[in-house]
Amino acid sequence: MPFLIPKYLLSIRIKSPSPIPRLSLMSSATKARLRGVVFDMDGTLTVPAIDFAAMYKAVLGEEEYIRVKAENPSGIDILHQIESWTPDRQRKANEVILDFERQGLDRLQIMPGAAELCGFLDSKKIRRGLITRNVKESVDLFHQRLGMMFAPALSREFRPCKPDPAPLLHICSMWEVKPSEVLMVGDSLKDDITCGKRAGAFTCLLDEKGRYGSPDFAKLDLEPNFKVSSLAEVHSLLETNFDLEP
């Protein structure tokens, strides 16, 4: 039976942790306890394989895409954009989205450093979960390619999706840990960092190409606790800033 977050919990705005400088040293007395890490999948645990701009244009049309992009500098939430459409139009949009995602499956590659990071977390007995807006079929293939499992691994069949905090709160509930004992890692400010901050978890932005260094993003109130340019950096980040004792 699917886990449902009570409405009164979803209405609570949990204060997110104060920003922590990138890879800053923290004394052992101030280190937060870490009991779990939750990852995004596409662009975080897997190499980007979907042309999202092309997908958005195919769903919205060229003119509507330009308008929506201008109104959403942190990125387009295509699932939210089509929510108010008629059922028939939504069906056609979802078919386009699914087609792009299936094409991405053919190109799915594990992100460098993902397996090593998972091994490190396992050695420290730190749980690892996954939240993606992709479909379960993609999650299953990812698990097969990586040869390791994330649990829970929530695909977009779990509603509401990121950036709503519900999936992350669900994982915390399943693990029986506080959100403040969890780190959310992802490559999207609008989805992953927002989800983590709303839930009250620590957040880490994976920005491989430095695209979030743009002044446009500096205006947004979505500052993550940490920023890294590769998954390899997460290992030292965890050891430096968190208490990893079981």
Side-chain ion pair, Asp88 and Arg91, N-O less than 4.0 Å: yes

Minimum-distance pair of heavy atoms, taken over all atoms of Phe150 and Cys118: CZ-SG, 3.4 Å

Ring centres under 6.0 angstrom apart (Phe226, Phe242): yes

Distance-minimising heavy-atom pair for Phe158 and Pro167: CE2-CA, 3.5 Å

Residue pair Val47 / Pro112, side-chain heavy-atom distance below 4.5 Å: yes

Residues Glu64, Arg67: salt bridge by 4.0 Å N-O rule: yes

Trace of the side-chain contact (heavy atoms from CB on, under 4.5 Å) decision for Asp191 with Asp40: CA-CA 9 Å; Asp191 293 332; Asp40 165 56; over 6 Å; no

Sequence-distant partners of Lys136, salt bridge (charged side-chain N to carboxylate O under 4.0 Å, His left out), two or more places apart: Asp140

Side chain proximity check, Phe120 to Leu238, heavy atoms < 4.5 angstrom: yes

Tyr56 and Val68, any side-chain heavy atoms less than 4.5 Å apart: no

Side chains of Val228 and Cys204 in contact at under 4.5 Å (non-hydrogen atoms): yes

Residues Lys162 and Asp192 bridged, charged N to O under 4.0 Å: yes

Donor-acceptor contact present, side-chain Asn225 to main-chain Thr203, <3.5 Å: yes

Salt bridge present between Asp42 and Arg133 (N-O < 4.0 angstrom): no

Residue pair Phe39 / Leu117, side-chain heavy-atom distance below 4.5 Å: yes

Closest approach of Thr44 to Gly186 (non-hydrogen atoms, all atoms of both residues): OG1-CA, 3.4 Å

hydrophobic_cluster_shared for Val59 and Ile66, side chain cutoff 4.5 Å: yes

Verdict with supporting geometry, Val135 and Glu157, side-chain contact (heavy atoms from CB on, under 4.5 Å): CA-CA 7 Å; Val135 293; Glu157 286 80 4; 3.8 Å; yes

